[in-house]
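This report refers to the structure that appears directly beneath it.
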Amino acid sequence: MKILVTAFDPFGGEKINPALEAVKLLADEIAGAEIVKLEIPTVFHKSAETMREKALEINPDMILCVGQAGGRFALTPERVAINQDDARIEDNEGNQPIDVPIQADGASAYFSTLPIKAMVDSIKAAGVPAAVSNTAGTFVCNHIMYQALYLTEKELPGTQAGFIHVPFIPEQVVDKPEKPAMSIEDIAKGLTAALEAMVEFHGKEDLKAVGGATH
């Protein structure tokens, strides 16, 4: 089994992206699966092109995209990606699309095909906070999740794909005392647990567990 794990470079004025640093710490093999790590630019469409090129080269069984969600307390597998770019800030090449469809021939939304509730359960069992998220935003994180699922629908049938957000790390919140943070090591531990659940539940039905939200 082969899993492609992507992570963004730093963006939004940050000098580091915890997603990328944690992915670098992942073992090259987890639960018997080969882990292929890929840094992608925080740039609309270019990120998807970089991912697509690698995915078509290695033909992975699963794709897990990882990104930063500053302000969240936990690792949060995303449930859904919407066909809309609506950027509050510019990406790393100055692009700021407003109310633009990601793919003209794509679905209005794609649901993750990863076992997100099993992933949450596994992350928590490893002692790391986790929860299902029902919004991936409308920046490049939502964009890459949507593009990954679009890619699997159009060109890689049978490949599962999804996205997980991770919190800031302590050095990023020195000047943001109101924001939570998690160590790189704990983020990597949580990602490892998520990947273990992905392997265990590959081709199986996800856990039936509470993962909803009231708002």
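Only a predicted model underlies this, so the values are computations on that prediction, with no experimental measurement involved. Residue numbers count from 1 along this sequence.
Residues Gln84 and Asp99 are in side-chain contact: their nearest non-hydrogen atoms beyond the backbone lie under 4.5 Å apart. Residues Val66 and Thr6 form no side-chain contact, since every pair of their non-hydrogen atoms from C-beta on lies 4.5 Å or further apart. Counting heavy atoms from C-beta on, the side chains of Leu191 and Val166 come closer than 4.5 Å. Side-chain contact check for Phe8 versus Asn92: every heavy-atom pair is 4.5 Å or farther apart. Residues Cys65 and Leu4 are not in side-chain contact: their nearest non-hydrogen atoms beyond the backbone lie 4.5 Å or more apart. At a threshold of 4.5 Å between non-hydrogen side-chain atoms, the residues Ile82 and Thr135 do not count as touching. Thr152 is not listed as a side-chain neighbour of Gln160, based on a closest heavy-atom distance of 4.5 Å or more. Annotation: side chain of Leu156 is in contact with side chain of Asn59 (closest heavy-atom distance under 4.5 Å).
Side chains of Asp91 and Thr42: a donor-acceptor N/O pair is absent below 3.5 angstrom, by distance only. No side-chain donor-acceptor contact under 3.5 Å links Asn83 and Tyr150. Looking only at atom types and distance, the side chain of Ser133 has a donor-acceptor partner in the side chain of Arg72 under 3.5 Å away. Donor-acceptor pairing under 3.5 Å is recorded for the side chains of Glu78 and His165. Side-chain polar atoms of Gln147 and Glu49 form no donor-acceptor pair below 3.5 angstrom.
A salt bridge links Lys37 with Asp28: the closest approach of a Lys/Arg side-chain nitrogen to an acidic carboxylate oxygen falls below 4.0 angstrom. For the pair Lys15 and Glu171, the salt-bridge criterion is not met [side-chain N within less than 4.0 Å of a carboxylate O]. Between Glu14 and Lys176 a salt bridge is recorded (basic side-chain N to carboxylate O distance below 4.0 Å).
Between the side chain of Ser47 and the backbone N or O of Phe44, no donor-acceptor pair lies under 3.5 Å. Of the possible polar contacts, none joining the His143 side chain to the Ile102 backbone as a donor-acceptor pair under 3.5 Å is found. For Gln172 (side chain) and Ile169 (main-chain N/O), a donor-acceptor pair under 3.5 Å exists by modelled atom type. Of the possible donor and acceptor atoms, none in the side chain of Asp206 sits under 3.5 Å from a partner among the backbone N and O of Met119. Remark: side-chain polar atoms of Asp85 are not paired, donor with acceptor, to backbone N or O of Pro97 under 3.5 angstrom. A donor-acceptor pair under 3.5 Å is formed between the side chain of Thr159 and the backbone N or O of Pro60. Between the side chain of Thr50 and the backbone N or O of Lys46 there is at least one donor-acceptor pair closer than 3.5 Å. Formation of a donor-acceptor pair under 3.5 Å by the Asn17 side chain with backbone atoms of Asp9 is found in this model. When atom types are taken as modelled, the side chain of Gln96 and the backbone of Ala87 share a donor-acceptor pair closer than 3.5 angstrom. Under the 3.5 Å distance criterion, the side-chain polar atoms of Asn95 are left unmatched by any main-chain donor or acceptor of Glu90.
The hydrophobic cluster containing Phe11 does not contain Val173, counting ILVMFWY residues as joined when their side-chain heavy atoms lie under 4.5 angstrom apart, directly or transitively. Residues Ile35 and Ile40 are members of separate hydrophobic clusters, defined by side-chain heavy-atom contacts under 4.5 angstrom among Ile, Leu, Val, Met, Phe, Trp and Tyr. Tracing side-chain contacts under 4.5 Å through hydrophobic residues (I, L, V, M, F, W, Y), one never reaches Ile116 starting from Phe201; they form parts of separate clusters. No single ILVMFWY cluster, assembled from side-chain heavy atoms under 4.5 Å apart, contains both Ile63 and Phe111. Hydrophobic clustering (side-chain heavy atoms under 4.5 Å, transitive across Ile, Leu, Val, Met, Phe, Trp, Tyr) keeps Ile184 apart from Phe168.
Around the CD atom of Glu34, the shell of radius 6.0 Å holds more than 12 heavy atoms that belong to other residues, nucleotides or ligands.
When all heavy atoms of Gly190 and Val128 are compared, the closest pair comes out as N-CG2, 4.1 Å. Nearest heavy atom pair, residue Ala131 against residue Pro77, reads O-CD, 3.2 Å. Ala197 approaches Ala118 most closely through the heavy-atom pair CB-O, 3.6 Å. Considering every non-hydrogen atom in both Ala126 and Ala193, the closest pair reads CB-CB, 3.9 Å. Here the closest non-hydrogen pair linking Leu151 and Ala55 is CD2-CB, 3.9 Å. Between Ile89 and Gly12, the closest heavy-atom pair is CD1-CA, 4.1 Å.
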- Message: The test is salt bridge (charged side-chain N to carboxylate O under 4.0 Å, His left out); show your working for Glu155 and Arg52 and say whether it passes.
- Response: CA-CA 9 Å; Glu155 299 185 80; Arg52 176 179 178 273; 2.7 Å; yes
- Message: Is there a side chain to side chain contact (heavy atoms under 4.5 Å, CB included) between Thr113 and Leu149? Walk through the geometry before answering.
- Response: CA-CA 8 Å; Thr113 51; Leu149 289 158; 3.8 Å; yes
- What do the steps show when you test Ile164 against Leu75 for side chain to side chain contact (heavy atoms under 4.5 Å, CB included), and what is the final call? CA-CA 7 Å; Ile164 187 168; Leu75 271 66; 4.1 Å; yes
- Would you please test Ile3 and Met198 for side chain to side chain contact (heavy atoms under 4.5 Å, CB included) and show each step? CA-CA 9 Å; Ile3 303 175; Met198 287 166 56; 4.0 Å; yes
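The one candidate from Val100, Asn142, Ile98 that meets the side chain to side chain contact (heavy atoms under 4.5 Å, CB included) condition with Asp86 is Ile98. In summary, of the residues considered (Leu38, Val36, Leu195), a side chain to side chain contact (heavy atoms under 4.5 Å, CB included) with Val5 occurs for Leu195 alone. Tyr146 pairs with exactly one of Tyr110, Phe139, Phe163 by the ring-ring contact (aromatic ring centres under 6.0 Å, His included) rule, that one being Tyr110.
The line from NZ of Lys117 to CD of Glu205 is 11.0 Å long, rounded to the nearest 0.5 Å.
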